[in-house]
Structures are given as C-alpha cells and as structure tokens.
Amino acid sequence: MEVKLITCGLPYANGKAHIGHLRTYIPADVYVRYLRLMGKNVLFICGSDCHGTPIVINAEKEGISPRDLVNRYHEHFKKIFSAVGVEFDFFGRTDSDYHHEMTVEFVKRLIENGYVYSKEVELAYCPKCRRFLPDRYVEGICPYCGAVARGDECDQGCGRYLEPGEIKEPRCKICGSKAEFRKQKHFFFRLTAFKEFLLEYLEKLRGTENALNYAREWVKKELKDWCITRNLEWGVKFPGEDLVVYVWVDAPIGYISYTREACRVKGCDWEKIWIEGTNADNGIRWTDVTHFIGLDIVYHHCIFWPSMLKGAEFALPSAVVASGMVKVEGKTFSKSRGYVVWVEDDYLKEGFHPDYLRYYIVNYTSHQKDLNFSWKIFMEKVNNELIANLGNFIYRVLHFAWKNFGGNVWDVLDASGDFSVDEEVKKAVEKAKNEIVKAVSSWEFKVASDAFMELSGFGNNYFQSKKPWERVKTDKVECAKTIANCLQIVRALVILAYPVLPFSMEAVGKTMGIDVKNSKMDDALKFEKVNVLEKPKPPFKKVEEEKVEKMEKIMLERIRKAEEAEKAGAEKKPEIVAIDDFLRLDIRVGKILKAERIKKSKKLMRLEVDVGNEVRQIVAGIAENHKPEDLAGKLVVVLANLKPARLMGVESQGMLLAADVDGKAVLLTPEREVPPGSRVR
RNA sequence: GCCGAGGUAGCCUAGCUGGUUGGGGCGCCUGACUCAUAAUCAGGAGGUCGGGGGUUCGAAUCCCCCCCUCGGCACCA
C-alpha cells in the first residue's frame with residue numbers, strides 16, 4: 001500500500017519543550033492516528049535539529065561539547081513526546097552519520113546540477129579570537145533599520161534575515177572586541193532560478209491557507225540567492241571545503257534521512273517516497289508528504305525546501321500544514337517575558353494528564369488560528385466538557401452495566417431473543433464518524449473533536465430519556481436494551497476519540513475488551529456484542545481548583561521575575577564613555593519651521609529645522625503621535641553631525657532627540673525660548 | 001501605507017454560491033432527576049452578526065468607504 005509520510009518541524013535541540021512545540025506535534029499526532037484508524041499506511045517521522053550556532057554558543061557557555069548539549073535535549077524531547085502520546089515511527093537526529101551522509105549526497109546533487117556557486121564575501125573576523133565570526137557570534141547594527149542585530153538576523157529591530165557580511169559595525173560577541181571584515185569564499189544556492197517553479201508549485205500545493213498565502217506573497221517579491229555555508233566546526237561538512245552546511249539546509253534534509261532510516265527498520269521504500277513520488281504534473285513530481293510546521297518556519301518549507309528538492313531532483317511534498325501561534329493567558333508567547341508553559345516542569349511534573357492537554361490544544365480553536373492557553377480555561381474545558389460530558393457518559397454507562405448486570409448485559413438480551421440497535425443510535429454514531437472523516441481531511445481537528453463530544457452528548461440525552469435506573473426495577477430486559485445501546489455508543493466513542501485521547505480511551509477500551517490500537521474507524525459502526533469485563537473506573541480525574549491557582553501563581557511569579565530581569569538588563573547596558581566621546585556629538589537646539597507627513601509612511605515626518613547657521617531637512621519617526629500643525633515653531637533638540645541617510649527616498653540631515661516612552665517619541669524641548677543653534681552640553 | 005488573515009452573545013465557534021424567528025458548545029439563571037466525578041436532562045436570559053453607506057422585494061452573507069486586532073513587507077538616523 002502507498003505510504004503517506006507525515007513529518008513535524010524538527011525541534012531544535014537547544015532548549016526544553018514548551019506548549020508552543022506541542023501546538024504542532026499534538027495535532028500532527030492526532031492526524032496520524034485518525035489516518036491509521038481510516039486504514040491508511042502512515043509513516044510519522046521527526047527528529048532533533050542538532051546543528052547551528054546557538055547550540056555551539058550555549059554549549060560553550062556551559063563548558064560542554066555541542067554533542068553533549070544535543071544529547072541532553074534530544075533525550076528530553078523524546079521523553080516529552082512519549083509522555084504526551086506523540087508517537088513517531090522514527091525520531092532521529094541530524095548529527096548522526098546517516099544524516100550527514102544524506103546531506104552530503106543531497107548537496108552534491110545540487111552542485112552537480114549547477115545550482116551552487118561560490119562567491120567571495122566579506123565576513124566579520126575577530127582578530128583577537130582569530131576566527132571568522134558566523135551568524136550569531138556577531139553583534140552589530142542592522143543595515144536596514146539600524147537596530148542592534150545578530151549576524152544573521154535583525155532580531156530586535158526589523159526582524160530581517162541578514163546575509164553574511166551585511167551587518168554593520170560588527171563586534172565579536174565572545175570577547176567584545178571590534179571585528180573586522182575579511183574576504184572569505186562561501187557557497188550560494190541559486191534560489192533565484194526557482195521563481196517560476198515556486199509560483200506554480202505554490203499554486204498547487206495543499207495545506208492551510210495561513211501557510212500558502214504567506215509563501216505566495218514571499219515569492220512574488222524578489223528572491224535572493226541563499227548562502228548555504230558557514231564557518232563553524234559543528235555541522236555537516238561542505239564537500240571539499242573547510243566549511244559547514246548552513247543549518248537550515250541540512251535540517252529539512254532530515255525528513256529524507258529519517259525516512260531512509262525509518263524504512264530500514266520498517267521495511268518500506270524511501271526512494272519511492274522521496275524520489276519516485278506519486279504522480280508528475282507539468283514538471284512537478286509530487287509525493288504524498290505532509291509537513292506539519294509552526295507558522296514561523298513557513299518560508300523554509302514553502303520556498304527554500306521545495307527549491308532544494310527540485311534542484312536535487314527529489315519529489316515534492318504535497319501539503320504544508322501550519323499551526324497558529326500560541327498565546328499564554330491572552331499574551332503573546334514569550335520565553336523571555338515569562339509567558340511560557342514548560343511541558344515538563346509546569347505540566348507533566350505537576351501531575352496533569354497528557355490527554356487533557358491534547359484535548360485542549362485540539363479543541364480550543366481551529367488549527368490555523370492562534371491558541372490561547374489559560375489555566376482557568378484549561379480547568380473549565382477539562383472539568384465541564386471532557387469530564388462532565390464524555391467522561392461522565394462513559395462512566396455512568398459502564399458503571400450501570402457493571403452494577404446491575406455484572407457487566408453482562410447481553411446475557412439478559414440473548415435470553416429475550418430480540419434486540420437490535422436503535423436507529424437513532426446508529427444515525428448518531430454514523431454522523432459523528434462522517435463528520436470526523438471530513439474534518440480530518442481538511443485538518444480541522446476542533447471540528448473532529450466536537451463531533452465525538454456531540455455523540456457523547458447524544459448518549460447522555462439518550463440515557464436520561466430512557467430512565468434505565470427506573471426500568472431496572474420494573475423491566476430488566478428493556479433496561480438492558482437501553483444499556484446495550486449505550487454501550488454501542490461508548491464503544492464508538494472509544495474509537496472515535498482515541499486519536500485525541502489515546503491514553504484514556506485505550507484504558508476504557510480495555511475494560512470492554514476493545515483493542516483500540518488495532519481498531520478501524522468502521523468498527524465504530526459495527527454494532528456487535530460488547531460487555532464490561534472488569535469493574536470500571538472513571539476515565540478522568542477532575543482538575544482541582546487549588547492546582548490551577550498554584551499554576552497561575554507560578555506563572556505570575558515568572559512574569560514578575562522576567563520583568564525585573566529585563567529592567568536590570570536595560571539599566572546595566574550603557575557603557576561608560578569619556579567626555580571626549582560625548583564632545584564628538586554636535587547636539588544643538590533647533591526650531592521646526594515646517595513639518596509634513598511623508599506620504600505612504602505611517603511613522604515618518606519630514607521636517608525643516610533651523611539649526612542656527614542653516615536649515616536642515618530632517619526625517620523623524622514621530623508621525624504616529626504628533627500632528628504637523630502642532631510642530632511648526634517648536635524648539636527641539638537635534639543631533640546635527642549625524643551621517644545623512646535616506647528614508648523613504650527623503651534625505652535626513654540629522655536626528656531629533658526624544659525620550660522613548662513605550663516605543664513612542666516624546667520630544668525634548670528647552671525650558672525657555674533659546675536661539676536656534678544653541679549648543680547642548 | 002501595501003499584502004494576507006480576521007472582527008458573529010463573557011469565551012470558542014457554525015453560517016458567508018443572499019431568503020422562513022442567526023445555529024452549537026462553555027459560562028450564567030430557573031426547573032426536573034438521581035444511574036453517574038454536585039455529573040445529567042428540560043427550559044430560559046443574553047447578539048446594533050466591527051461601524052457607515054449602497055445593490056436588492058430581502059444581506060451576517062454581494063459592492064464601496066471607514067475603524068480595530070494579528071502576521072508579513074516598507075519604515076521609526
């Protein structure tokens with residue numbers, strides 16, 4: 001049978017698992033389990049992303065080798081995934097031999113096909129450390145927005161990806177000394193050659209709209225060739241050079257190398273999946289591969305990765321499913337600000353059941369939308385939905401059957417000779433099943449989980465209206481019929497809810513002699529004899545209010561600490577400068593003569609400022625909270641000897657000084673009228 | 001400013017190829033019941049369907065303008 005390959009974005013082996021990770025992995029696992037219930041032959045793979053500079057830096061900080069650091073988090077993720085029931089067929093790592101081999105093969109194919117060329121680039125080099133400073137070893141100024149940036153990304157400013165050599169005023173992050181630019185040969189991937197291909201590919205690629213729109217938008221703009229080598233010891237060696245392959249090149253190749261390894265174990269054919277594919281269509285060779293990823297790595301999976309595959313003549317994935325972002329207590333997820341829920345420390349070690357989190361993540365909202373995690377809502381959903389509806393129905397039925405019939409409802413029915421499942425019960429089960437199949441195929445896991453909850457609601461209703469607790473005293477056969485019907489519903493629920501709640505449903509199934517793991521979706525529709533084999537236990541335990549209060553407290557404390565740390569960091573930063581340094585700045589009072597908004601800009605204002613001996617044109621980012629008419633005639637403080645720059649095509653010959661209050665500019669002005677041009681010192 | 005995705009009761013949502021009183025879940029209120037983890041069942045309150053125009057016999061649903069949220073881009077010298 002044809003294999004459906006499902007992958008998840010590789011977790012970076014540099015930190016612990018948090019709830020944001022699970023936002024992608026749990027729905028993927030749910031998807032896989034549903035597919036298997038539907039009889040599909042699925043291969044579900046993932047693994048650690050082990051290379052890259054952050055891992056090297058962190059290992060160095062801890063005084064251990066990158067390998068040791070990676071080992072730690074690789075094991076951590078494996079443990080977490082197994083604890084929350086995310087069961088991969090194979091969980092590999094990119095620092096393994098098989099992956100290095102695969103990557104080298106892959107890169108060689110790109111080279112052979114002419115998609116790689118070398119170019120001299122100027123790179124930051126630290127004379128003191130005597131080495132090139134790749135990526136995040138470099139701190140400097142972003143050439144686009146002027147913010148303090150890392151070597152490969154303007155992480156605090158405009159967020160842009162920076163090509164090696166682009167950064168301004170680089171400094172070595174390790175020793176702090178000034179870095180210099182030196183020439184160095186690097187290798188580039190001809191991404192620009194794939195524009196036409198990408199436009200077509202993205203037309204036909206399936207997946208969630210959030211991913212596809214984002215990628216299409218990106219391709220329509222200008223593509224740049226991509227530097228795919230780095231000066232680093234840790235990583236996959238670039239063939240024939242003293243360089244390493246950029247981590248974002250080797251990481252996705254993990255999908256292939258892991259598939260090959262998984263196939264070695266499982267006996268499938270990796271080449272059929274990744275090379276032959278399923279069907280070709282106008283030069284695009286498709287393969288049945290679905291990537292589950294987070295919204296933050298869409299362009300890697302929709303732009304870089306398909307281009308690489310095309311360039312190396314591999315088959316192309318058919319779907320990219322991106323999960324929405326996670327918020328914590330309504331706030332944007334942020335580890336540094338304390339808005340984070342750690343899977344191990346905050347959840348598992350506190351004794352919360354993995355199925356609860358699976359339900360929450362899947363059922364809170366649509367897969368594409370942002371998911372808000374709140375402990376209060378968590379408790380409400382678990383106690384009022386999962387337990388009050390589903391758990392209660394399952395337990396009341398099993399318990400009733402056990403207490404009144406010793407579990408063998410069918411003994412009574414067999415004796416009576418006539419029994420068939422109620423039509424309305426059949427219909428309800430069928431409806432749930434159909435809805436689930438439909439929802440799963442469009443990655444709408446909330447809709448799928450709502451469907452089995454609705455079935456459970458139907459069950460409660462049915463049970464209630466038939467009043468078996470009264471019937472048991474008057475007409476035992478009638479009562480048994482009701483319970484037998486209810487048992488059919490429970491059986492269906494066990495199967496239909498299993499992908500979302502694998503631990504609990506497996507346990508319930510066991511008390512009824514159902515082997516859920518090997519069941520098929522249609523078994524939910526087979527209405528056959530089922531009994532309760534052992535004394536049933538309530539399938540779920542309530543979440544205690546005190547527990548939730550405790551978690552909220554932990555969260556608040558963490559946020560408070562993060563805020564403190566941020567403040568402390570902000571206060572510590574400024575370095576001491578000599579008076580000479582200050583005197584190099586020509587700061588003067590200026591008078592605004594004219595102010596107007598720069599059209600097409602939200603923030604920029606064009607000003608004409610009298611700075612004493614001349615009138616300067618200055619562009620300032622103050623349009624958001626200042627009106628042009630209020631500015632004319634105002635005295636302001638101007639940095640007059642700043643190197644001129646062009647903003648939105650308008651030259652700026654200086655800079656207005658302002659206090660930064662929550663990102664908004666508050667202009668400085670002298671306490672009394674002074675002549676324009678007065679020096680500030 | 002440009003491009004995407006959204007804005008439906010306190011929260012999560014269905015509806016969006018226009019058509020009987022805008023559905024559902026959670027919470028809330030009232031009643032019923034007691035097999036069940038104070039679970040369940042019945043009933044109810046609660047909505048200017050972001051705002052304003054327009055098309056139409058008729059719009060949450062189509063068109064135009066505006067506002068707000070989120071993400072991306074352009075930008076805070």
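Each chain gets a letter, A, B and so on, in the order the sequences are listed, and its residues count up from 1.
- Counting non-hydrogen atoms of other residues, nucleotides and ligands closer than 6.0 Å to CD of Glu534(A) gives a total above 12.
- Taking the side chain of Pro538(A) as heavy atoms from C-beta on, and the options C35(B), U37(B), C26(B), the nearest nucleotide is U37(B).
- Between Glu608(A) and Arg606(A) there is a salt bridge, since at least one side-chain N of the basic residue sits less than 4.0 Å from a carboxylate O of the acidic one.
- Out of C33(B), U37(B), C12(B), the shortest distance to the side chain of Trp469(A) is found at C33(B).
- If you check the side chains of Glu424(A) and Tyr462(A), you find no donor sitting under 3.5 Å from an acceptor.
- In this structure a side-chain-to-backbone donor-acceptor pair under 3.5 Å is missing from Arg588(A) to Leu639(A).
- A salt bridge is absent between Lys438(A) and Glu444(A): the closest approach of a Lys/Arg side-chain nitrogen to an acidic carboxylate oxygen does not fall below 4.0 angstrom.
- When each of C11(B), U37(B), A5(B) is scored by its nearest atom to the side-chain atoms of Lys542(A), the top-ranked nucleotide is U37(B).
- Contact of Gln464(A) with C35(B) (side chain to base): a donor-acceptor pair of N or O atoms is detected under 3.5 Å.
- Here Pro539(A) lies in heavy-atom contact (under 4.0 Å) with a base.
- Of the listed nucleotides (C35(B), A5(B), U37(B)), C35(B) has the atom at the smallest distance from the side chain of Lys403(A).
- Between the side chains of Asn372(A) and Ser374(A), no donor N or O sits under 3.5 Å from an acceptor N or O.
- For G27(B), there is no paired base (Watson-Crick or G-U wobble, both distances below 3.5 Å).
- Checked against C70(B), A36(B), U37(B), the side chain of Ile387(A) finds its nearest nucleotide in U37(B).
- Using a 4.0 Å cut-off on heavy atoms, none of the residues of residues 478-489 of chain A approach RNA chain B.
- In this structure, A32(B) and U40(B) make a Watson-Crick or G-U wobble pair, each of the two defining distances being under 3.5 angstrom.
- To the nearest whole angstrom, the two C1' atoms, one in U55(B) and one in G1(B), are 30 Å apart.
- Of the listed nucleotides (C41(B), C26(B), A36(B)), A36(B) has the atom at the smallest distance from the side chain of Asn392(A).
- Out of C70(B), A14(B), A39(B), the shortest distance to the side chain of Lys369(A) is found at A14(B).
- In Lys476(A), the NZ atom is crowded: over 12 heavy atoms of neighbouring residues, nucleotides or ligands sit closer than 6.0 Å.
- Closest contact between the side chain of Ala388(A) and the listed nucleotides A39(B), C41(B), U37(B) involves A39(B).
- In this entry A5(B) has U69(B) as its Watson-Crick or G-U wobble partner, both defining distances falling under 3.5 Å.
- Not one N or O on the side chain of Arg616(A) forms a donor-acceptor pair closer than 3.5 Å with the backbone of Gly590(A).
- Within the structure, every side-chain polar atom (N or O) of Asn389(A) is placed at least 4.0 Å from both OP1 and OP2 of G25(B).
- Listed nucleotides: C12(B), G72(B), C35(B). Nearest to the side chain of Tyr214(A): G72(B).
- Within the nucleic acid shown, Phe463(A) comes within 4.0 Å of at least one base atom, counting heavy atoms only.
- Taking the P atoms as reference points, A36(B) lies 39 Å from G47(B), given to the whole Å.
- Listed nucleotides: U34(B), C35(B), G25(B). Nearest to the side chain of Glu385(A): G25(B).
- The base-pairing partner of U17(B), taking Watson-Crick or G-U wobble contacts with both distances under 3.5 Å, does not exist among the strands shown.
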